[in-house]
Amino acid sequence: MQPGQNKRVKMPERPAQERIKDFNEVALGLSEKDAISEAKRCIQCKNPKCVSNCPVEINIPAFIKLIAESDFKGANKKIRGKNSLPAVCGRVCPQEDQCEKTCILGIKGEPIAIGSLERFAAEYPPSETPVPIKLVGPKVAIIGSGPAGLTCAGDLALKGYQVKIFESLHTAGGVLKYGIPEFRLPKSIVDNEIEYVKSLGVELITDFLAGKTATIEELFKENFKAIFIGAGAGLPNSLGIPGENFQGVYSANEFLFRVNMMKAYKFPEYLTPVITGKKVVVFGAGNVAMDSARCALRLGADKVIIAYRRSRKEMPARAEEIIRAEEEGVEFLLLTAPVEIIPDDAGRVKQVELLKMELGEPDSSGRRRPKALPGSEFKLDCDLAICAIGNSPNPLIPKSTADLKIEKWGGVIVADNKETSIKGVFAGGDIVRGAATVISAMGDGKIAARSIDEMLSKK
Amino acid sequence: MGFKILRKEQLASNIHFIEVDAPRIAKAAKPGQFVVLRINENGERIPLTIADKNIKNGTIEIIFQEAGASTTILSKLKAGDSILNILGPLGEPSHIENIGSVVVIGGGVGIAEIFPAIKEYKAKGNKVTAIIGARNKQLLLTEEKIKNMADELLIATDDGSYGRKGFVTDILKEMIEDKKEINLVYAVGPVPMMEAVSNVTKAAKIKTMVSLNTLMLDATGMCGVCRITVGGQIKFACVDGPEFDAHLVDFKELKTRLSTYRDKEKEAIDHICSLDKIKE
Ligand SMILES: Cc1cc2nc3c(=O)[nH]c(=O)nc-3n(C[C@H](O)[C@H](O)[C@H](O)COP(=O)(O)OP(=O)(O)OC[C@H]3O[C@@H](n4cnc5c(N)ncnc54)[C@H](O)[C@@H]3O)c2cc1C
Ligand SMILES: Cc1cc2nc3c(=O)[nH]c(=O)nc-3n(C[C@H](O)[C@H](O)[C@H](O)COP(=O)(O)OP(=O)(O)OC[C@H]3O[C@@H](n4cnc5c(N)ncnc54)[C@H](O)[C@@H]3O)c2cc1C
Ligand code: SF4
Ligand code: SF4
Ligand code: FES
């Protein structure tokens, strides 16, 4: 392939009929040959527009050039300097809205497959095993081990701070572990990335719920000089319709937590159970909804329907995952909203009542607001209903931290440098933005690390 | 790795006591709070109340009943063994103040959970009457401890093998009929017992708090499996509770939700029993 040419590589995938039988990864990664050929397509812009839209500022042309020259380890090292989680970002970044959106080749033809190349390079870690570093700088506490916390921790460790991550769950990774399924992001890959951050000298404490096991104030008493809160948006929004508490009605968080975090798909070898429906309805059309629908299929559902109140164009999920869900047989019921959940005699979901919608004027987000069509109600049989209509910032830390200022909708308020209303306390990721993306959380973690360094090195 | 069991005792045929090394939790724990633990890599996360704590030794005490697979596996651990994960203290502490006369009721394994509350009610200057009830004498847990702490201890057993024959609610009803001063009732135990207590006190207009044992998973407010309607609003028992005003709780919904995995629970217990057979 020549620089500037339009034809973009496509990553090989397992066929839909095969992949819905298990939880193994769907996309297979690029071959060396394809990666090199795609890398050669990049025209190495002097003023690369792609980089301006990467929140962690990866030097994209530089790493792509190294791939084109077959120096895969070099490419890996180049990325690692800015991004401690390349194998994750290469898989789950909404590239079409980030780096690839602004790639110059996208104007006339197809943008470079930057995400696929990043994923490719991630598979070539540098051969020298990093020597555990003895960190001696001031102590910094990181709350939450999702992408925001891991990034902030990694960047601070590289600068020599003694970093401790406090995570409430029994394992690190945040949504990367409990939310995004194995077939999209293998857990061994997340673990490798976490091991890398630990290899920089970061200490990880699990089973520690900030606000309960100890408060922010108490952590300062333990001689932490700065605290970063990356506690995520874990609070599931509810539909607010009758019947939500019947058996077989899950929040997507509960469903995915059971399946991914607790490995309920291996029940009873793993002891956490999950309801495996035959006819499943999922409400919502973001990544969370797609993941729920595709997990339900893999657990043996005959029919999985995604009910969404807007049209296909407004679906917030990554474009790639919408297509894959469809290939796997997930059906989309568009312009449809739930009205009520109807149980059988035992209190288990039997049907959902839905209502047709039409699109009206655009709302504050710029998307056209759905309006109900009165009289269009209809019922659908199902034995499992999953609610994936979004998550809100976890209220536990604000509740236990008197001076921490939050928005009405629960987001922690921060300045440009990510400092909160409390001096020395920084925050970023979903706890600030509401449910957003991996890469925006990482970008926040990076800025916070820089600000913490500025604050502590001044002293 | 993990949290070491320092002491283990069998209190009754299927009820066990463990004391676990968990200094951070011991330091922070308050009455009414609980932990969620995962025994091993394949384990579920199960909630258990902090029955007592010892800050000096950095330990917490747990008393549990073998109910299904996880608690059965837990019952097989010995002093010196470790529990892989313990998170806590969780939930809102009991709001304990001086209000006069308090009746604290424990039923079944709930008897083991009321001690910290009794102690705190006493510390705040209340008169505390404890009522405990179980199927038979063997199941009356921590009786001595409660007796020494409360002003008065009343006992009921289903079979009359000890104390009064009948239910804790029978004793409560008599107290109300005798016009004993009761400013608050606090009850922990099986759902039918808490519901029965609630019905009695509702009629008598006595404020009542219950500690709800909903299903739980993360126990940090992220999954919503513990949700329950209280006063027409959805609450999460793990972060908003586990204690709620009994007269506002939708007990019917609680019972329905608790039975969600009945078939799966059987499958799980069969699975671990078959594993045991292979070992033997
Ligand atoms: C199912 C699903 C699929 C998604 N798919 C994509 C995708 O394809 N691409 C994409 O870019 N984004 C996706 N997202 C969104 C993305 O995962 C999040 O935006 C991102 O993980 C936010 O990172 P974070 O570090 O802010 O928080 P999180 O990843 O939520 O991590 C927060 C961590 O903090 C811990 N914690 C919370 N409270 C406390 C406390 N009090 N004390 C200690 N620890 C605490 C939590 O247990 C958790 O581990 C998806 C989200 C979900 C749920
Ligand atoms: C806040 C809280 C504190 C608790 N404290 C204690 C305690 O101190 N001691 C103790 O013995 N138990 C306590 N429980 C109950 C305990 O969590 C369950 O008995 C346990 O999870 C059962 O797990 P299992 O795998 O052994 O049984 P499973 O196979 O899960 O269940 C077996 C049986 O127990 C019922 N069950 C399942 N989960 C619960 C539950 N959460 N509450 C009540 N019944 C349940 C099931 O319906 C079934 O009939 C508490 C529960 C909560 C929510
Ligand atoms: S991290 Fe995301 S935005 Fe940045 S280069 Fe990689 S895929 Fe693009
Ligand atoms: S904008 Fe596109 S072509 Fe230009 S450097 Fe970036 S990836 Fe290469
Ligand atoms: S147990 Fe998950 S929210 Fe309460």
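Chain identifiers are assigned alphabetically (A, B, ...) following the order of the sequence lines, protein sequences preceding nucleic acid strands; residue numbering begins at 1 within each chain.
- With a 4.5 angstrom heavy-atom cutoff, B:Ile272 touches chain A only via side-chain atoms.
- Sorted by first then second residue, the side-chain hydrogen bond (donor to acceptor under 3.5 Å, both in side chains) pairs that include residues 81-90 of chain B, not counting sequence neighbours, are A:Asp207-B:Asn85, B:Arg38-B:Asn85.
- Judged by distance alone, the side chains of B:Asn54 and B:Thr59 never bring a donor and an acceptor atom under 3.5 Å apart.
- Counting heavy-atom pairs under 4.5 Å between each of B:Asp263, B:Ile86, B:Thr229, B:Val239 and chain A puts B:Ile86 at the top.
- Looking at A:Leu169 and B:Asp218, their side chains come closer than 4.5 Å, going by heavy atoms from C-beta outward.
- Taken from OG in A:Ser145 to CD1 in A:Ile205, the straight-line distance is 11.5 Å, to the nearest 0.5 Å.
- Ion pairing between B:Glu44 and B:Lys264 fails under the 4.0 Å rule for side-chain N and carboxylate O.
- Most heavy-atom pairs under 4.5 Å with chain A, from the set B:Gly224, B:Gly68, B:Ala29, B:Gly91: that is B:Gly91.
- Within the 4.5 angstrom heavy-atom criterion, atoms from both the backbone and the side chain of B:Glu92 approach chain A.
- Nearest approach of B:Thr260 to B:Arg257, heavy atoms of both residues: OG1-O, 2.5 Å.
- The parts of A:Ile275 that come within reach of chain B are both its backbone and its side chain, each placing non-hydrogen atoms under 4.5 angstrom from that chain.
- For A:Leu396, the part lying under 4.5 angstrom from a heavy atom of chain B is the side chain only.
- In this structure, A:Glu218 has no salt bridge (charged side-chain N to carboxylate O under 4.0 Å, His left out) partners at least two apart in sequence or on a different chain.
- Interface remark: A:Lys212 contributes backbone and side-chain atoms alike to the contact with chain B (heavy atom separation under 4.5 Å).
- By number of non-hydrogen pairs under 4.5 angstrom with chain B, the leading residue of A:Pro395, A:Gly347, A:Pro236 is A:Pro236.
- Checking B:His271 against A:Glu269 by side-chain atom types alone, no donor-acceptor pair falls below 3.5 Å.
- Heavy-atom pairs under 4.5 Å with chain B peak, among A:Phe208, A:Phe267, A:Tyr178, at A:Phe267.
- Residue A:Ala346 touches chain B through its backbone alone, counting heavy-atom pairs closer than 4.5 Å.
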Stepwise ring-ring contact (aromatic ring centres under 6.0 Å, His included) test for A:Phe224 and A:Phe166: CA-CA 12 Å; A:Phe224 288 98; A:Phe166 295 96; 5.7 Å; yes
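- Under the side chain to side chain donor-acceptor pair (under 3.5 Å) criterion, A:Lys266 pairs with no residue at all, not counting sequence neighbours.
- Chosen from B:Arg227, B:Glu41, B:Glu253, the residue pairing most often with chain A at heavy-atom distances under 4.5 Å is B:Arg227.
- Between B:Met194 and the choices B:Thr208, B:Leu212, B:Val249, the side chain to side chain contact (heavy atoms under 4.5 Å, CB included) rule is met once, by B:Leu212.
- The shortest distance between side-chain heavy atoms of B:Glu113 and B:Phe34 does not fall below 4.5 Å.
- With chain A as partner, the option from B:Leu90, B:Leu217, B:Ile73 having the largest number of non-hydrogen pairs under 4.5 angstrom is B:Leu217.
- Contacts from residues 242-251 of chain A to chain B, taken as heavy-atom pairs separated by less than 4.5 Å, involve A:Glu244, A:Asn245, A:Phe246, A:Gln247, A:Val249, A:Tyr250, A:Ser251 in sequence order.
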